[in-house]
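Heads up: the structure comes next, in structure tokens.
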Amino acid sequence: MALNVAVLGAPGAGKGTQAVRLAREHGIPKISTGDILREAVQNDTPLGRLAKTTMEAGLLVSDDVVIGIVRERLERADVQNGFVLDGFPRTAAQAVALDHMLVGRDPLIVVNIVVPDKELIRRLQIRRICRDCGTGAEVPQGREQARCMKCGGELVTRSDDTEEVVRERLSVYYRATAPIVDHYRGRPTFRAVDGNQEPDVVAAAMRQAVDLLIGATRTVEGQA
Ligand code: AMP
């Protein structure tokens with residue numbers, strides 16, 4: 001059975017960090033629309049040129065574009081045993097489109113990582129990413145961790161992690177993305193996890209939630 005997971009949460013909730021761990025533990029790809037778009041911007045592709053200003057303003061790239069990216073990605077052979085989506089879906093239209101893409105596949109497990117606003121803002125202000133490989137890192141205030149743990153590249157602030165853009169991204173999140181939790185909440189394959197804890201503790205809670213939900217998906221399949 002394939003393990004199809006979507007990790008939801010506000011910017012700064014730790015979706016990327018936790019999605020990577022989960023994907024690695026299960027040997028399945030992590031699919032991050034933010035990473036795909038950032039790479040396109042960095043490589044100055046037509047997609048990157050289209051998305052750049054929207055991303056820098058902290059707004060959402062159009063549903064058509066993002067849905068197209070995910071649809072194409074989910075057709076590749078490496079998702080045969082499952083995938084972990086990070087940063088998608090982010091709107092009601094994307095959630096509906098994802099449901100359509102997954103018709104005939106194993107049920108989608110949805111984990112929502114919940115973190116209070118104050119903590120989200122704190123994290124986003126100290127977050128850095130590697131200029132070369134895009135790996136994320138938290139840099140404690142007043143301390144400069146100059147290099148990426150993975151490739152040694154320089155750590156930089158994401159262009160959309162400035163105070164003004166962070167505020168915009170949080171307001172976009174509450175307006176467009178938070179309501180989609182209701183799209184999933186009633187499903188037996190949905191769980192919320194407290195993300196206001198150390199990453200290892202959150203990872204353990206995620207693991208536990210996913211294990212429970214794997215059981216739930218078997219029940220869903222049994223009823224189908
Ligand atoms: P992230 O790395 O997930 O925070 O995404 C960075 C930026 O990419 C977002 O602020 C949006 O501008 C864009 N983006 C990523 N995923 C989506 C999505 N599912 N829908 C629309 N825009 C997205």
Side-chain angles (χ1 to χ4, degrees), residues 5-20 22-23 29-74 83-102 108 110-113 115 117 119-131 133-138 155-181 183-184 195:
V5 182
V7 180
L8 305 182
K15 295 187 299 294
T17 308
Q18 297 300 334
V20 163
L22 199 59
K30 175 190 98 142
I31 301 173
S32 156
T33 42
D35 285 352
I36 293 169
L37 289 165
R38 265 186 298 280
E39 199 182 320
V41 170
Q42 201 161 10
N43 295 333
D44 198 26
T45 66
L47 170 65
R49 285 194 286 278
L50 187 80
K52 190 172 191 286
T53 32
T54 310
M55 291 175 74
E56 280 175 352
L59 302 173
L60 293 182
V61 174
S62 80
D63 283 335
D64 285 356
V65 169
V66 183
I67 289 167
I69 291 173
V70 174
R71 180 173 293 124
E72 184 270 328
R73 185 64 187 81
L74 292 184
F83 54 79
V84 181
L85 281 170
D86 155 28
F88 183 95
R90 252 177 158 108
T91 64
Q94 293 176 19
V96 170
L98 181 61
D99 283 344
H100 288 299
M101 286 178 226
L102 297 180
L108 183 70
V110 180
V111 182
N112 187 31
I113 305 180
V115 174
D117 267 11
E119 173 63 10
L120 292 173
I121 292 166
R122 188 194 72 81
R123 287 185 193 178
L124 290 167
Q125 280 171 348
I126 60 171
R127 178 163 80 171
R128 300 288 182 277
I129 59 164
C130 173
R131 193 197 290 278
C133 74
T135 296
E138 257 191 33
L155 293 176
V156 293
T157 303
R158 256 173 64 164
S159 58
D160 58 354
D161 276 348
T162 60
E163 197 181 332
E164 196 188 338
V165 180
V166 161
R167 232 179 276 124
E168 182 62 36
R169 286 165 62 212
L170 281 178
S171 105
V172 167
Y173 169 77
Y174 284 110
R175 204 166 52 238
T177 308
I180 71 165
V181 171
H183 181 83
Y184 296 112

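Each ligand, and each atom within it, is numbered from 1 in the order the structure gives. Worth saying up front: this structure is predicted, and the values here are computed from it rather than measured.
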Which protein heavy atom lies closest to atom 7 (C) of ligand 1, and at what distance to 0.1 Å? M55 CE, 3.8 Å
Within the structure provided, determine whether L60 and Y173 are in side-chain contact (heavy-atom separation under 4.5 Å). no
Could you check whether D161 pairs with R128 (Lys NZ or Arg NE/NH1/NH2 to Asp/Glu carboxylate O, under 4.0 Å)? no
Pick whichever of R38, Q94, K15, R169 has a heavy atom sitting closest to atom 2 (O) of ligand 1. R38
Given the options L22, D35, V5, K30 meets side-chain contact (heavy atoms from CB on, under 4.5 Å) only with D35
Residue, atom name and distance, where the atom is the protein heavy atom closest to atom 15 (C) of ligand 1: R90 NH1, 3.4 Å
Exceeds 12 heavy-atom contacts within 6.0 angstrom, atom CD of E56: yes
With a 4.0 Å cut-off on N to O distance, would you call E119 and R122 a salt bridge? yes
Where does R158 meet ligand 1, judged by heavy-atom distances below 4.0 Å: at the side chain, the backbone, both, or neither? side chain
Is the backbone N or O of V7 less than 3.5 Å from a side-chain atom of K15, with the two atoms forming a donor-acceptor pair by type? no
Is D86 close to ligand 1, meaning an N/O of one under 3.5 Å from an N/O of the other? no
So if I apply the side-chain contact (heavy atoms from CB on, under 4.5 Å) rule between R90 and each of V61, V172, T177, L8, which one comes out positive? T177
What protein heavy atom lies closest to atom 16 (N) of ligand 1? Include the residue and the distance to one decimal. T33 OG1, 2.7 Å
Out of L59, V61, T54, L60, who gets a non-hydrogen atom closest to atom 12 (O) of ligand 1? L59
Atom 14 (N) of ligand 1 sits nearest the protein heavy atom L37 CD1, 3.6 Å
Is any N or O atom of G87, backbone or side chain, closer than 3.5 Å to an N or O atom of ligand 1? yes
